[in-house]
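Side chains included, hydrogens not; waters and symmetry mates left out as well; all remaining heavy atoms used. Here is how names work: the chains are called A, B, and so on, in the same order as the sequence lines, proteins then strands, and each is numbered from 1.
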There are 2 protein chains.
Amino acid sequence: MTREPYGQRRDDDRSAVRRPASIKDVAAAAGVSPTTVSHVLSGNRPVNEQTAARVRSVVNRLGYVPASLARSLQAGSTSVIGLLIPDISNAFFAELAKGAEDAAHDLGYGLILCNTEFDAEREDRYLGMIRSRFVDGMVYASGSAPSRRRLEALMGKFPIALADEEVDGLERALIATADHEAGGRLVGEHLRELGHRRVLMLTGPRGLRSGVARATGFVRAFGGHVVERVGDFKEASGHRLVAKLLEEGGLDCTAVFAANDLMAFGALAALTEAGLSVPGDISVVGFDDIRAASQINPPLTTVHQPAYDVGRTATAQLLQYVSRGEVPPASRHTLPVTLKVRGSTAPAAR
Amino acid sequence: MTREPYGQRRDDDRSAVRRPASIKDVAAAAGVSPTTVSHVLSGNRPVNEQTAARVRSVVNRLGYVPASLARSLQAGSTSVIGLLIPDISNAFFAELAKGAEDAAHDLGYGLILCNTEFDAEREDRYLGMIRSRFVDGMVYASGSAPSRRRLEALMGKFPIALADEEVDGLERALIATADHEAGGRLVGEHLRELGHRRVLMLTGPRGLRSGVARATGFVRAFGGHVVERVGDFKEASGHRLVAKLLEEGGLDCTAVFAANDLMAFGALAALTEAGLSVPGDISVVGFDDIRAASQINPPLTTVHQPAYDVGRTATAQLLQYVSRGEVPPASRHTLPVTLKVRGSTAPAAR
DNA sequence: TGGGTTGTGCAAAACGTTTTGCATCCCTAG
DNA sequence: CTAGGGATGCAAAACGTTTTGCACAACCCA
């Protein structure tokens, strides 16, 4: 009494939940070995056309789809990468994510969205995905200081690309970033030329090299007095910081430079709520140039960052590395920024 | 001559690329079996504390992290789901995505971003991820008509939840959606009360049940004459459709109802460029209430949708299903919408 | 003394692929 | 008649886990 070599079931077939067809099931039904099925489907080796046709018909009949998990395990890679960003509802990161997703899709990769809210625990968990090799690589676009340290420890061992961020003292880094320093400089020059001498600078969380670059460029080009307050890139924090200064009567500045457009919006709102006119009494400048910046009233003067390109470039670089196994030389793409002068800036009041 | 039972390398160790440590390497170094290592790490069975300590120390020394792929293969699930949306740079979907990501994170799931641009090929590829079981489930938030048909074929076999979408004739569906029909009705009533009798309705791509619901609700409540044009939910299409009608001199309407805010923005721009005043000459209404809607000039009258909650609810429902293996009864959450009356609507001109 | 229980750890199967080496058959050229 | 070789397809190993059944020792209670 012979037993079928493949596809035998251990329990009988009346089980309620049907296990999806495996390559063994196909092989058994077509009367061939799993090897042959694999070859038919992958084209890796020639198979007799008649046999192949039979296999294909069984594949269709059974609705067989190869389990990508098993395939990935065998191949040693998953064709998925992660994108770590703080806030997908920030239009800047949404645009960046779109660029990343496009680049990933072009090379047949999936993209896992790692939205962290600057939460260290959350960042850690997502960074763990690369250590457990569930993702082939990671595009890192800004996180909190602690995760930054973990990141730097990882960068030597795993494929990681930085989008719109920098890192100190690492030679072999893949970086695509807008020219933040130039952006800061442009704003500094603009405000100086308008006669401003004291500005309030709203920064993002500490520990972000991109933020440092913006501030450096700005301070250097501006030359006047700079009051600094630390926010978190959200609209609410811009509002809160400005409102607080206003209450305390300590806003003796003629301009506000926010680290991103969202905080600029918040600042703008706080100022108008306090009865101040923008740009009549005080000027406001943002950073990013998200869509709403040109639609708000008054239209916001801001630095345009090519968010889509930053995301796309960083991802493309990463994938060139992981997909072809190439180790690129330390590579940095610095994308140009431009100053969009709109209605929220004017010559200094006095 | 004895051979070590575990961890022997086939080629010598001077190979340039170091393979990450596996559970066998740990076992060999600690002088135990892989089984024991697994038990130490998972806590699935008690292990002698002394042995356990030794294993843990080796784990640290080798920097061992379990390969999630192998784990998933064995477990039969990946703890990852997909989110299929047309455009992440649309603030509505970004907000929805954020809700989905939050819900996924809460239950320890990862989220793959499937941004389709309504591109059928792209949708198909992403839908394939569920058939190959790379994702445990899918949250589907609107796609093109062809992918919709594929989706419906899939819904019986795989865990899929609909976010802000509907489906006909399917009992066992997981749905979380805003009340589109009520939204359309609110707009219809609002415009009727303002005395409008002819409105231009800019719809999204055909085949979206949510769009049909909006239109139905609107037409029924409005009662006047409705001119319909089909757009694609992008700002440019709103602009193009209105501009074209304007050129042809065929815009004999006193109001425009756009299927989403982005198209309303486009319409607004086209109207002002043509020298028309909003809402003086013509009123404009949107749908979604994305952040920019209240910031634009004039502030847009629109229907507020709880995008975050829609994403979060749909995802939570799906995960309750896939994570606990529970099969919920057909379940539909309809989330309330509200009309935000702002500055872009006024009584009909004549 | 003998049967049962508890503690401890290992072997082997299973998850579902791809890949490599080999066996068989048949044909052709020398 | 035989050596060589293409065509075809299979067996088995490998990827890295978790889980189940079992073995062995030590202990306890009757």
Round to the nearest Å and state the distance from [X] atom [atom1] to [N] atom [atom2].
| X | N | atom1 | atom2 | value |
| --- | --- | --- | --- | --- |
| Arg133(A) | dC15(D) | CZ | C1' | 11 Å |
| Tyr64(B) | dT18(D) | OH | C1' | 10 Å |
| Lys24(B) | dT17(D) | NZ | P | 10 Å |
| Asp25(B) | dG16(D) | CG | C1' | 10 Å |

Note to self: With a 6.0 Å cut-off (strictly less than), is the heavy-atom count around CD of Glu121(B), excluding the residue itself, greater than 12?
What the structure shows: yes
Next item on the list: Apply ring pair (Phe, Tyr, Trp, His ring centres under 6.0 Å) to Phe134(B) and list each qualifying residue two or more places apart in sequence or on a separate chain.
Entry: Phe134(A)
Check: Taking only residues two or more places apart in sequence, or in another chain, which ones meet Asp124(B) in a salt bridge (Lys or Arg N to Asp or Glu O under 4.0 Å)?
Finding: Arg150(B)
Report the residues that fulfil side-chain hydrogen bond (donor to acceptor under 3.5 Å, both in side chains) with [X], sequence neighbours left out, ordered by chain and then residue number.
| X | answer |
| --- | --- |
| Thr78(A) | Asp136(A) |
| Ser142(B) | none |
| Ser132(A) | Ser68(B) |
| Arg71(B) | none |

Note to self: Quick test of your reading of the model: are Arg125(B) and Asp119(B) salt-bridged, counting only N-O distances below 4.0 Å?
What the structure shows: no
Item checked: Residue Arg71(B), side-chain heavy atoms: nucleotide from dG16(D), dT18(D), dG16(C) that is nearest -> dT18(D)
Item checked: Nearest to side-chain heavy atoms of Thr35(B), which nucleotide of dA12(D), dC10(C), dT17(D) -> dC10(C)
Notebook entry, point to check: Contacts to DNA chain D from residues 72-80 of chain A, heavy-atom cutoff under 4.0 Å, which residues?
Noted result: Leu73(A), Gln74(A)
Notebook entry, point to check: Of all of residues 39-63 of chain B, which get a heavy atom below 4.0 angstrom from DNA chain D, listed by number?
Noted result: His39(B), Asn44(B), Arg45(B)
Next item on the list: Among residues two or more places apart or on two chains, list those pairs meeting side-chain hydrogen bond (donor to acceptor under 3.5 Å, both in side chains) that have a residue in residues 80-89 of chain A.
Entry: Asp87(A)-Ser89(A), Asp87(A)-Lys98(B), Ser89(A)-Lys98(B)
Item checked: Under 4.0 angstrom between Thr36(B) side-chain N/O and dG9(C) OP1 or OP2 -> no
Checklist line | Donor/acceptor link under 3.5 angstrom from Ser33(A) side chain onto base of dA11(D) | finding: no
Notebook entry, point to check: Which residue pairs satisfy the salt bridge (Lys or Arg N to Asp or Glu O under 4.0 Å) criterion with at least one member in residues 53-69 of chain A, sequence neighbours excluded?
Noted result: Glu49(A)-Arg56(A)
Check: For the helix from dT1(C)-dA30(D) to dG30(C)-dC1(D), how many degrees between its two end axes (five pairs per end), to the nearest 10°?
Finding: 60°
Next item on the list: Could you pull out all residues at least two apart from Arg45(A) that satisfy side chain to side chain contact (heavy atoms under 4.5 Å, CB included)?
Entry: His39(A)
Margin query: Any base atoms under 4.0 Å from Ser38(A), or only sugar-phosphate, or nothing? Heavy atoms, all strands.
Written below: base
